[in-house]
Each structure stands twice: as C-alpha cells, then as structure tokens.
Chemist: 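Have a look at this one.
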2 protein chains.
Amino acid sequence: MRNFDQSLPMLLYRALNALMPEFRAIFRQFGLTERQWRVLRVLWEEDGKPLLALAERTLIPAPSLIGVVDRLRKGGLVERRRSATDRRVVQVWLTDGGRALQAEVTPLVDRAYAAFDGFMDPEEWRALTAMMDKIASRANGAGDPLAHKVGDEK
Amino acid sequence: MRNFDQSLPMLLYRALNALMPEFRAIFRQFGLTERQWRVLRVLWEEDGKPLLALAERTLIPAPSLIGVVDRLRKGGLVERRRSATDRRVVQVWLTDGGRALQAEVTPLVDRAYAAFDGFMDPEEWRALTAMMDKIASRANGAGDPLAHKVGDEK
DNA sequence: GTCTAATTATTAAGATATTAACAAAAAAAC
DNA sequence: GTTTTTTTGTTAATATCTTAATAATTAGAC
C-alpha cells in the first residue's frame with residue numbers, strides 16, 4: 001500500500017484546500033460562490049457563451065452548470081437565450097449588473113493572485129504549469145466536464 | 001484581468017479532473033465512492049481513528065465526514081464507538097468486512113498509481129511534491145478541513 | 001426526403017461541499 | 001469547586017458533484 005498523503009491526488013487536494021478559502025472569502029463579499037464567479041469570469045472575457053462551452057472552460061460539470069447559471073439568473077446577473085441558428089444551444093449573456101460586477105470583484109481577486117507571484121520564482125511556475133498540463137492531457141480523454149461522454153463505447 | 005486557464009486553481013482542478021475518474025471507476029466496482037475509499041484507506045493504516053483526525057487525514061470536511069462514515073456503517077464496513085477515556089470522541093473502527101476489502105481494492109488502486117510512476121521522472125515528482133507542500137503550508141492555516149475554525153478570531 | 005446517429009441541454013437521485021450554529025464533554029481559569 | 005473556554009461532534013441550509021437517463025434538435029447516411 002503506497003503512501004497516501006504523498007499521492008498525487010492528495011497533494012493536489014491539499015494545495016487547493018489551502019488555496020481556495022482565501023478566494024472564496026472575496027467572492028462571498030459579493031454574494032457569489034466560487035462556481036458562480038468562474039462563470040462570470042469567463043463571460044466577462046467572452047459573453048454569450050453556449051452552456052457546453054461554458055462547462056468546459058469553467059470545469060463545471062454540465063448538469064451542475066444548469067443550476068449555477070439559474071442562480072445567477074435569479075440574482076439578475078445573467079440571462080439565458082436560445083441560439084437563433086441552432087436551437088439546441090443555450091447562450092448565457094451578462095446583464096448590465098453582471099457586467100458591472102467585474103470592476104468590483106476583479107481588483108480584489110487580482111490582488112490575491114498577486115500575493116502568489118512572489119511565492120515561487122518564474123522557473124518554478126513554468127515547471128508547475130508544465131507538469132499540471134502534462135497530467136491534465138494524459139488520461140484517455142477522461143476528465144472533461146461532459147461526464148455523460150465518458151465510457152460511451154457502445 | 002489575469003489569465004484564467006493558467007491560474008493555479010484552474011491548473012490544479014484540471015489535473016484532478018483528468019486524474020480522478022480513472023480511480024473512481026475502480027472504487028465503483030466495490031460500491032465505494034471516492035470519499036468512502038479515503039476513509040477506509042486511512043483506517044486500514046490506523047484503525048479506530050477519531051472523527052476529527054479522520055477528517056484531517058482524508059481532507060473530508062467534518063460535517064461531510066459524518067455522512068460518509070454513516071453510509072459506510074450502513075454498508076457494514078465500519079462501526080462507530082465512543083472513546084472510553086474521552087466521551088466527546090467518536091472512534092471509527094473497521095468491521096471484518098471493511099478489513100477484508102483492503103486486499104481486494106488495494107491491488108487495483110496500486111496498479112493505477114503505478115501507471116503514473118513512469119509518467120514523470122523522480123526529479124519531477126520531487127519538485128512537484130515540494131511545490132504542492134509549499135502551497136499547502138502557505139496560507140494562514142486556512143484550508144484545514146475544520147471549516148468552523150477559519151476566521152475564529154473573536 | 002426519411003431514418004438514424006450525434007449533439008446540446010436537462011432532469012433525477014444519491015452523495016458531498018460549504019458555512020453557520022449548536023450541544024456535550026473536557027480543560028483551563030478563577 | 002464553579003465558571004469560562006476549548007474541543008469534539010452534530011445538525012441545518014444551500015449549493016454543487018457524479019452518474020445515468022432522457023428530450024429536443026440537428027447532422028449524416030441512405
């Protein structure tokens with residue numbers, strides 16, 4: 001039986017556990033959850049994204065995303081619209097309120113991130129990014145947020 | 001606004017998303033969820049652990065652990081007992097069935113881990129471990145699974 | 001053009017995360 | 001020894017994850 005605490009999953013989980021509460025505290029000031037912020041974060045960069053694209057980019061599983069978007073909608077931050085060209089597609093658009101939030105949240109988040117810049121030197125960051133990418137692109141295509149795809153071999 | 005996809009949290013989340021489905025598929029063969037396995041994994045190494053110690057070691061938040069342990073108990077894999085010396089403490093003990101499961105699950109899990117050994121060379125693993133530990137031990141003590149502790153400054 | 005397969009979104013069910021609040025027991029202070 | 005504080009476990013409420021199954025469209029094959 002291998003070492004549990006030093007296994008790759010536990011290493012990653014522990015790092016995230018140390019990392020995220022600080023950011024969540026920021027989101028909470030604006031009544032946002034971490035996932036809600038992630039959706040907004042992507043829309044601020046590219047508004048009107050289809051749900052599936054949003055799921056991939058935010059790493060939020062599609063079935064969960066439905067609820068996240070709906071709560072954002074109830075909060076008046078986004079709207080849902082069917083695509084005119086492909087009626088299967090649901091696009092998520094920011095409202096004025098959702099757009100306005102960017103200017104408030106972003107500075108705080110950026111400042112929190114900045115605290116990490118000096119934490120490791122550029123070479124370490126490069127190595128870390130490369131290793132994470134390597135791990136993420138390994139695995140037989142599993143791990144994308146489209147859970148219902150995995151194991152579709154019939 | 002910084003790069004979202006290359007942010008530390010997203011790097012870690014993506015790696016985990018690629019990593020875990022493979023392991024979960026193994027656990028599922030035995031009717032176990034990932035968290036249930038983590039609890040068993042720790043008990044196989046040290047039986048009779050108190051709930052709080054179990055929460056820290058498995059990185060499962062204490063309120064969630066209650067449910068995880070209870071489902072394991074209903075499945076006949078563990079038992080709960082009050083400590084005789086400190087009646088606040090609830091210890092979790094393996095049943096015979098829970099103990100027997102180790103011999104079945106461990107080989108499969110070890111084999112899956114082994115597939116990663118050759119994936120990065122020893123020096124990369126060392127560097128990765130060091131960086132994750134560094135991140136985990138950074139942050140003001142936040143991130144431990146005892147959520148109600150965070151921000152207890154009154 | 002019609003039938004079939006693939007894509008996009010959604011619902012459902014059980015398990016877990018996150019935060020806050022609370023009860024019981026033990027430890028520390030007085 | 002009683003009061004206060006800390007520790008350990010638990011419940012509650014809301015949000016999300018994970019997996020499987022299903023509806024609505026669209027794309028492809030015939």
Side-chain angles (χ1 to χ4, degrees), chain A residues 13 16-17 20-25 27-28 31-39 49-56 58-72 74-75 80-92 142-152 154, chain B residues 13 16-17 20-25 27-28 31-39 49-56 58-72 74-75 80-92 142-152 154:
Chain A
Y13 282 132
L16 277 169
N17 271 357
M20 298 319 294
E22 181 174 347
F23 289 100
R24 293 203 194 100
F27 305 146
R28 202 176 340 145
L32 297 174
T33 67
E34 183 191 338
R35 275 72 175 190
Q36 289 172 356
W37 175 81
R38 273 198 245 162
V39 169
K49 274 225 166 203
L51 274 176
L52 228 88
L54 211 46
E56 285 174 10
T58 57
L59 301 182
I60 298 172
S64 303
L65 186 57
I66 303 275
V68 176
V69 166
D70 202 50
R71 282 179 284 271
L72 282 172
K74 283 178 185 161
R80 300 169 38 124
R81 288 187 222 148
R82 287 277 163 185
S83 161
T85 60
D86 184 340
R87 295 201 306 186
R88 289 172 300 182
V89 173
V90 170
Q91 297 171 317
V92 184
D144 73 324
L146 289 54
H148 59 288
K149 293 271 185 178
V150 178
D152 249 351
K154 182 195 147 191
Chain B
Y13 282 132
L16 278 169
N17 271 358
M20 298 319 293
E22 181 173 349
F23 289 99
R24 292 200 195 106
F27 305 145
R28 204 180 334 150
L32 296 174
T33 67
E34 183 191 337
R35 276 73 176 186
Q36 290 174 355
W37 175 81
R38 274 198 242 163
V39 169
K49 274 225 164 201
L51 273 176
L52 229 86
L54 213 44
E56 285 174 9
T58 58
L59 302 182
I60 298 171
S64 302
L65 185 59
I66 304 274
V68 176
V69 167
D70 202 50
R71 282 178 285 270
L72 281 172
K74 285 179 184 162
R80 300 170 38 122
R81 288 188 221 146
R82 286 274 163 191
S83 161
T85 61
D86 184 340
R87 295 202 305 184
R88 288 172 300 185
V89 172
V90 170
Q91 298 171 314
V92 184
D144 74 324
L146 288 54
H148 59 289
K149 293 269 182 177
V150 177
D152 250 349
K154 182 198 147 188

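Bear in mind the structure is a predicted one, so any value in this text is a computation, not a measurement. Note on naming: letters A, B, ... go to the chains in the order of the sequence lines (proteins, then strands), and numbering restarts at 1 for each one.
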Chemist: Looking at C:dT10, D:dA12, D:dT16, which one has an atom nearest to any side-chain atom of A:Arg82?
Modeler: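 Nearest listed nucleotide: C:dT10.
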Chemist: What is the distance, to the nearest angstrom, from the CG atom on A:Leu52 to the C1' atom on C:dA6?
Modeler: 13 Å
Chemist: For B:Ala25 and A:Gly67, find the nucleotide of DNA chain D closest to each by heavy atoms; which residue's nucleotide sits nearer the 5' end?
Modeler: A:Gly67
Chemist: For nucleotides 24-27 of chain C, which of its nitrogen or oxygen atoms have a protein nitrogen or oxygen under 3.5 Å away, and what is each distance?
Modeler:
from   : atom 1 : to      : atom 2 : distance (Å)
C:dA26 : OP1    : B:Arg87 : N      : 3.2
C:dA26 : O4'    : B:Arg88 : NE     : 3.3

Chemist: Between C1' on C:dT18 and CD1 on B:Ile60, what's the gap in Å once rounded to a whole number?
Modeler: 14 Å
Chemist: If you check every side-chain atom of A:Arg71, which of D:dT8, D:dA15, D:dA20 has the closest atom?
Modeler: D:dA15
Chemist: How close or far is atom P of C:dA17 from atom CZ of A:Phe23, stated in whole angstroms?
Modeler: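 Going from A:Phe23 (CZ) to C:dA17 (P), I get 21 Å.
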Chemist: Can you name the side-chain hydrogen bond (donor to acceptor under 3.5 Å, both in side chains) partners of A:Arg81, sequence neighbours left out?
Modeler: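 Here no residue qualifies.
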Chemist: Find the bend of the helix from C:dG1-D:dC30 to C:dC30-D:dG1 as the angle between its two terminal axes (five pairs each), to the nearest 10°.
Modeler: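 Inter-axis angle at the termini of the helix from C:dG1-D:dC30 to C:dC30-D:dG1: 30°.
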Chemist: What does A:Thr33 touch in the nucleic acid at a heavy-atom separation under 4.0 angstrom: a base, only the sugar-phosphate, or nothing?
Modeler: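 If one applies the 4.0 Å heavy-atom cut-off, A:Thr33 turns out to touch the sugar-phosphate alone, with no base involved.
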Chemist: With sequence neighbours excluded, what pairs up with A:Arg24 under the side-chain hydrogen bond (donor to acceptor under 3.5 Å, both in side chains) test?
Modeler: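 Testing A:Arg24 for side-chain hydrogen bond (donor to acceptor under 3.5 Å, both in side chains), a comparison that skips the adjacent residues, returns A:Glu34.
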Chemist: Between protein and nucleic acid, restricted to nucleotides 1-4 of chain C and to nitrogen or oxygen atoms under 3.5 Å apart, what atom pairs and distances do you find?
Modeler:
none

Chemist: Taking the minimum atom-to-atom distance to the side chain of B:Leu51, which one of C:dA17, D:dG9, C:dA9 wins?
Modeler: D:dG9
Chemist: Can you find a pair of side-chain heavy atoms, one from A:Leu16 and one from B:Leu16, that are under 4.5 Å apart?
Modeler: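 Answer yes - side chains close enough.
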Chemist: On DNA chain C, does the nearest nucleotide to A:Val89 precede the nearest nucleotide to A:Arg28 from the 5' side, or the other way round? Give the residue.
Modeler: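 Checking each residue's closest nucleotide, the 5'-ward one belongs to A:Val89.
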Chemist: Roughly how many Å is it from CD1 in B:Ile66 to P in C:dT16, rounded to a whole number?
Modeler: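 Interatomic distance, CD1 of B:Ile66 to P of C:dT16: 13 Å.
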Chemist: Taking only residues two or more places apart in sequence, or in another chain, which ones meet A:Arg71 in a side chain to side chain contact (heavy atoms under 4.5 Å, CB included)?
Modeler: A:Gln36, A:Val68
Chemist: How many whole angstroms separate atom CE of B:Met20 from atom P of D:dT18?
Modeler: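 Whole-Å distance recorded here is 10 Å.
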Chemist: Answer yes or no: does a side-chain N or O of A:Arg35 lie under 4.0 Å from OP1 or OP2 of D:dC17?
Modeler: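 So the side-chain polar atoms of A:Arg35 do come within 4.0 Å of the phosphate oxygens OP1 or OP2 of D:dC17, strictly under.
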Chemist: Excluding sequence neighbours, so at least two apart, what forms side chain to side chain contact (heavy atoms under 4.5 Å, CB included) with A:Val89?
Modeler: A:Pro50, A:Ser83, A:Asp86, A:Gln91
Chemist: Return the set of residues passing ring pair (Phe, Tyr, Trp, His ring centres under 6.0 Å) with A:Tyr13 (not counting sequence neighbours), or none when no residue passes.
Modeler: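 A:Tyr13: no ring pair (Phe, Tyr, Trp, His ring centres under 6.0 Å) contacts found.
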Chemist: Starting from the 5' end of DNA chain C, give me the residue, A:Arg80 or B:Leu65, whose nearest nucleotide shows up first.
Modeler: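 It is A:Arg80, whose closest nucleotide lies nearer the 5' terminus.
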Chemist: Is there a side-chain contact between B:Leu65 and B:Leu52 (heavy atoms, below 4.5 Å)?
Modeler: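 When only atoms from C-beta onward are counted, B:Leu52 and B:Leu65 do not touch, as no gap falls below 4.5 Å.
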Chemist: Could you list the residues that satisfy side chain to side chain contact (heavy atoms under 4.5 Å, CB included) with B:Ile66, not counting sequence neighbours?
Modeler: B:Leu51
